[in-house]
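Note that the numbering runs from 1 along the sequence shown for the chain.
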Amino acid sequence: MMVMFALIFGVFYFLVIMPAKKQQKKKEAMISALKKGDKVVTSGGIFGTVAAVEDQTVLLKISENTKIRITKSAIGGPVGADGAPSEPK
């Protein structure tokens, strides 16, 4: 019985937990590498260009005269050359 639970946990770990940890590390690396001029999309779907990076926040320029301050965790990912959201590298 215990062997079966261990086997189920092992399968669950390799199919769910490990990929989630990898994806989280990728996102953390992308966020820590943000710099002025990077084009990003927020998790809420707002496209913008990074105007300034602070400790916990990012100043995002979303139009000519509009800048918003958001938390780094709200960054969804980079924007590709075609203007579409792309996966963090």
side-chain hydrogen bond (donor to acceptor under 3.5 Å, both in side chains) partners for [X], two or more places apart:
X: Ser43; result: none
X: Lys22; result: none
X: Gln56; result: none

Between [X] and [Y], is there a shared hydrophobic cluster once you connect ILVMFWY residues whose side-chain heavy atoms come closer than 4.5 Å?
X: Ile68; Y: Val53; result: yes
X: Ile70; Y: Met30; result: yes
X: Leu7; Y: Phe5; result: no
X: Ile62; Y: Leu59; result: no

Would you say the side-chain atoms of Lys61 pair up with the backbone N or O of Ala52, donor to acceptor, closer than 3.5 Å?
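Absent.
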
Exam field: side chain Lys72 to backbone Glu28, donor-acceptor pair closer than 3.5 Å
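Not at all, since once roles are kept as given, no pair shorter than 3.5 Å links the two residues.
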
With rounding to the nearest 0.5 angstrom, report the [atom1] to [atom2] distance, [X] to [Y].
X: Gln23; Y: Lys26; atom1: CD; atom2: NZ; result: 7.5 Å
X: Asp38; Y: Ile31; atom1: CG; atom2: CD1; result: 12.0 Å
X: Thr49; Y: Lys67; atom1: OG1; atom2: NZ; result: 10.5 Å
X: Ile75; Y: Ile46; atom1: CD1; atom2: CD1; result: 10.0 Å

For Val41 and Val79, work out which heavy atoms get closest and say how close.
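Scanning both residues, the minimum pair turns out to be N-CG2, 3.8 Å.
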
What heavy-atom pair brings Thr66 and Ser63 nearest, and what distance separates the two atoms?
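Where Thr66 meets Ser63 most closely, the heavy atoms are OG1-OG, 2.9 Å.
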
Evaluate side-chain contact (heavy atoms from CB on, under 4.5 Å) for Val50 paired with Leu60, printing each intermediate quantity in order.
CA-CA 5 Å; Val50 175; Leu60 198 63; 4.3 Å; yes

